[in-house]
Every structure is written in C-alpha cells, then in structure tokens.
Amino acid sequence: MFLRLHLLLFAFPGFLPFVQAADAKPNFVVIFIDDMGYGDIEPFGSKVNRTPHLNRMAEEGMKLTSFYAAPVCSASRAQLLTGCYAPRVSVPGVFFPAGKNGLNPEEKTIADYLKELGYATACVGKWHVGDQVDFLPTRQGFDSYFGIPYSNDMQRTSSESGKRVTPLLRDEKVAELLEDEGQRRVTREYTEEAVSFIEREARAEKPFFLYLPHTAMHVPLFPHKDFVGSSSNGVYGDWVREVDWSVGEILGALKTSGVERETLVIFTSDNGPWASKGKAGGVSGPLRGAKGCTLEGGVRVPTIAWWPGRVKAGASSDAISGTPDLLPTFVTLAGGKPDPSIKIDGYDLTQVLDGKADQTKREAWYYFGGNNLQAVRSGPWKLAVTAQSIGMGFKDKPEDLKKKGRLYNLDEEIGETTDVAAKHPEVVARLTALAAAMELEIKENKRPVGVVKNPVMLYPSSQKRRASVRRGKPVNWSKVKLGDVFSSGQVPDLVKKPFTIFGGIETKGKVNEVVMAHGGTQVGYGLYLKEENLVFAVSTGKGHLERVQAPVDPGKVEFSAGLDVSGRLFLKVGKRQPIQSDRGNHWITRVPAEDFSMGFDDAHAVDPQAPKATFSGKLLEIRVNAPSK
C-alpha cells in the first residue's frame, strides 16, 4: 500500500501538499478590516484604489459576494467571535473606554474552541468588545494580544502628557500611549507582529489561529508615512494601499514558512463604509447605504477566501453567508464540533468553499440594527420589516426608507430602490413570519453581556468619571469643571421637552474646540467653537441633525442655547438677538446613549462637522434646565 501511494505521489507531485494539508489540522487567518466598503478594493469593482495583493488573493481564491457582518464595530466583532447574531450575546452596539460592559467571558469564542483543539491563538489589532481586563483577548481564548483595544477615534486625555491618546496594549498591559501621529505605525506594527507569529508557530509545527482586526480604515485616517501620497484617492486610498501591502506580507509569510497550502485565509470587513465622512470614508459600490444601517451597503462586505490547493482559484460564490459562519467552519475543519448546548447562528461553509454547494443550510439571514430586527433575506428576497436609515452620520433620511414592509429582489436589483411588495404578497407573508419567529427565538434565548463592577481607564486620564459623583445622582452644576463626565441619568431628562443650556466661557479667539457634548451620532446635542462662531447642534434620533451658529468675540462670552416650546433650536450670545432654526419639532426623541462631557467629546461626535480639540479656554458657568414634566 505504501509503495502504491509513493508511486502515485511521484506521478503527481503536485498532489503531495494537498495530502499533507488534508491529514494535518489547517491553520486559520482572519484579516478583519474596519469600515471598508463593498466597493473599496479592485476585486469588488474599485477603480480608484489599487490592491494588487488582494487581486492576487481573489485570483487564487474565492470571492464571497453575499457575505454579511453587522452595522457597527462591537456588534460585528462579537458576531464573528461567537458565531451568533450580536443581540443574542447582548452586544448590539458599540462599547466605549472604561465601560462596565463587554463580551461575556463565559461565551465560547472561536479562539476558545481552537485552543482546546491544540491551536496557538493570537489576536493582533483592534479588539473592541470591552477594554476591561476581564474582557480582553487573553481572557477570551487568545494566548496573546497586541493592539488598540477599541476604535482609534476614542482618544482620551492623558494625565501625564495632557495629550489626546489611544493605548497600545501588549497582552493585558499598556505598552505605549499613542498620539495621533503615532497611529501611523499601527498597521505596520500589526503586520510585523502577525508575521512573527506565523513564522514562530510554523517552525514549531503547531496549528495556529491568527485574528488580525486592523484599525484601518476607521477615521481618523493615519497611513504610514511610506504610503502617504501613494494613491490617486487621497488619504483613504493611501491607507487602502497599506492594508493591501499588509495582506501581501501575510500571504508571503505563509508561503515562505511552507504552510500556505495548509492555511485558510479570510479577508473581510466589520461593516460598510463610513460614507458620511466624505473623502475620509469609503464607498459601497453598487450597494445602497453605509456603515450604521441594515441596507446592503451597511452590512454586506467585500470578502475573499484563500486556501491554495483546497479553494478553487478564481472562484466566486453568492452563498448567503456571514461572520457567524466562521466559528462552525473553523471548528469543523479543525476536527471539532461546536458545543450543541450553546445556541449559535452560524453555518459550516466547508461545502461552499470546496465548491460542492451553492448555499449552506441557512433558511434566511437576519439584519439587526442594535437589538431591533430590521430586515430579513431568504434567497433573492429581502424584506425591510421596519424603517431603515441610510447610514451613520447622514442628516436626511430618504422618504422611501421611512416605510416598513418594503420588498426587494436583490438578484434583479442589488441597489434596493424598487419595492415589489405589492406584486409578491406571499413572499412578504413568508418573510414576515420568519422575522417574527427569529425575534421571539432571540428574546427567549438571549445571553447576558459581561459586566464588571468598577470599570477603570487603562491609563491615567483627566477625563475619567469623577468618583465623587455616583451614577444617577443629579449634577451639581455649580461644581462642574472642564474634563468632567456625567451619565445621561445625572443630567435633566430632555426627551421631547424644551430645554435651555446657560453658559459662560472665556475664549482665546479664533479656535476650533468642543465646549460640551452629550450623546453621539444617533441622538444628542453639543456646543462647539468653529473659527469665530459658537455652534449649537442637535441630533434628533431620527437620522436628522440641525445646527445654528452665532459669532463670538475673544474674551468672556455668555450664551444660552436649547429648544423652545415648538422644538426650534435657538442660540443667544451676549446681548445679541437669538439665532433660531427655520423649523421646529427638532425634539430629542430618546435619552442619549453616550455621556455628558464638559470641554471635550467623550465618544462619538453629535455633529460630524464638530472639531475634536479639547476646549482650551476657561469655563465660567454651565447648567442645563428643563421642565420636570
């Protein structure tokens, strides 16, 4: 028998690596890009971003053209790691620095499964499912971690330097605090760390799992200086070039280490592009929508599977698939089985990758925005069961998206503009029933989020919540100082109410700085200085943002801003006549999800045009008044 096999391998020498790969446990590499749109790389139609290494990856592998993530960062990462829709594991949105919640360590992640099966595991890059030690990668199945634990725009002020920084972690310790320009190194350093891990484990002949969630392409954009000016598509294109270079380094390391035919590599993105950022955001190609929504452009992401000798070169699959499928696929290929006592939503993609099946056993894909099921897809049909937004940060919502019950045939029109519900009531009824059943099933089988009692910043910061003010205790406005942070439960309830912010500041003149902020991209309000104007902005929670502005002079400035009894914005500076918005009904429709922060923005900006700089002047007075009923 040995002689016959030997002769067969001699006659067909190219068959030898395939036999070795089949006998050995395969390695897995997931390259997870942040905020990259469906149309941002050449294999998916980009004409402005050059991606030669991704072109090669697609030519030698398989494009997955109906591969889905989640609308925003943390939800998408939880989905990939656990094999579940994000609401099932109680991670519907985005986590922030020093938050009490994170991915529950009791969840069994891909890394947990593979570690049990004898794999070396490493996470290199943006984690963003909780920054407290209990939630870090080293507590979720990974042997090691190197990276920024959340989004690169979540800078806080360092107590030591007074500069806005992000922490770069090595395992569970802060290795370095990065100012903005320091972020230019992260893609290169992530890549070097990843290559080192591949080479080390290949030498040890141990199967490995590398999870490489890049900080790129999240704003602010910081490509390495070697790539600045390297593209014809501005800074965004420069960073795409660097990401593509990184892919080339990873594939090259697998080849030179002799394990390329034993390794499945998945390249994908965590959500659609942050298109409201303009040139700093990507594009969705033929898809409608962007990051933050459940239209195809918000969650369908450019995905390539590469496994020389196993995945057919130049292949393409339109199988409905997504990030939850990676867990059962990897575990099965590694010779294990997902724990049947743990409910997951993913399906094994092995047959699809092998070219033996057009689809998995999935009946439908469910599109969650936060905890809300907003749409469902089965085959070519997609039903919007609720109203939808066009994407995070966009001021206006198209009229058609305000209507629920819209039905699209994605095979005939991928851009989701023609509602065919009236022509196919039986499809609407079937998908409505599927959606209702899933909503009930998630509700009955939802697992708890991770919680720590006393969350702390990972480094000393002047912007941490004041220990003397407990959550829920009303703010004592006479004691508020620059740098203070208060929960929404500590400030007056402003939902659907008129309110007034009274304030006094001393400015240095022509500056671009945040005065105060409460809320994020979905709902909230804020005041900031821009050039020689004070700007008051309100985001209503209905995809609508309104702002008014008034000129200010250097020195002491007294102002009042808010919503009047008709819901109209007003801003009064000194003794000048108040400036008002043209229309009313700009009510804040729900409690802001993010904190009230004084002199800076604690998280995401209410107004995408707002500056990031901390207020450098003096705070003389601030208070927020609203009727109690």
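Just so you know, residue 1 is the first one in the sequence shown, and it goes up from there. Quick caveat, the model's predicted, so the values are computed rather than measured.
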Between [Y] and [X], is the closest basic N to carboxylate O distance under 4.0 Å?
{"X": "Arg56", "Y": "Glu60", "answer": "yes"}
{"X": "Arg77", "Y": "Asp34", "answer": "yes"}
{"X": "Arg170", "Y": "Glu193", "answer": "yes"}
{"X": "Arg188", "Y": "Asp226", "answer": "yes"}
{"X": "Asp143", "Y": "Lys115", "answer": "yes"}
{"X": "Arg362", "Y": "Asp325", "answer": "yes"}
{"X": "Glu42", "Y": "Lys47", "answer": "no"}

With Asn152 via side chain to side chain donor-acceptor pair (under 3.5 Å) - residues at least two apart: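 Applying side chain to side chain donor-acceptor pair (under 3.5 Å) to Asn152 gives Gln183, His218.
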Partners meeting side chain to side chain contact (heavy atoms under 4.5 Å, CB included) with Glu172 (sequence neighbours left out):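 Expected list: Val133, Leu136, Thr138, Arg139.
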Please determine if [X] forms a cation-pi arrangement with [Y], meaning its NZ or CZ atom is less than 6.0 Å from the six-membered ring centre and no more than 45° off the ring axis.
{"X": "Lys63", "Y": "Phe44", "answer": "yes"}
{"X": "Arg300", "Y": "Trp365", "answer": "no"}
{"X": "Lys206", "Y": "Tyr119", "answer": "no"}

Side chain to side chain contact (heavy atoms under 4.5 Å, CB included) evaluation trace for Ile250 with Val195: CA-CA 6 Å; Ile250 298 300; Val195 167; 4.2 Å; yes
Aromatic ring proximity, centroids under 6.0 angstrom, Tyr85 and Phe368: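 Centroid separation for Phe368 and Tyr85: below 6.0 Å.
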Nearest heavy atoms of Cys73 and Ser151, plus distance in Å: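 Smallest interatomic distance, heavy atoms only, reads SG-OG, 3.9 Å.
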For Lys382, the option from Glu413, Glu412, Glu416 that meets salt bridge (Lys or Arg N to Asp or Glu O under 4.0 Å):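 The salt bridge (Lys or Arg N to Asp or Glu O under 4.0 Å) with Lys382 is passed solely by Glu416 among Glu413, Glu412, Glu416.
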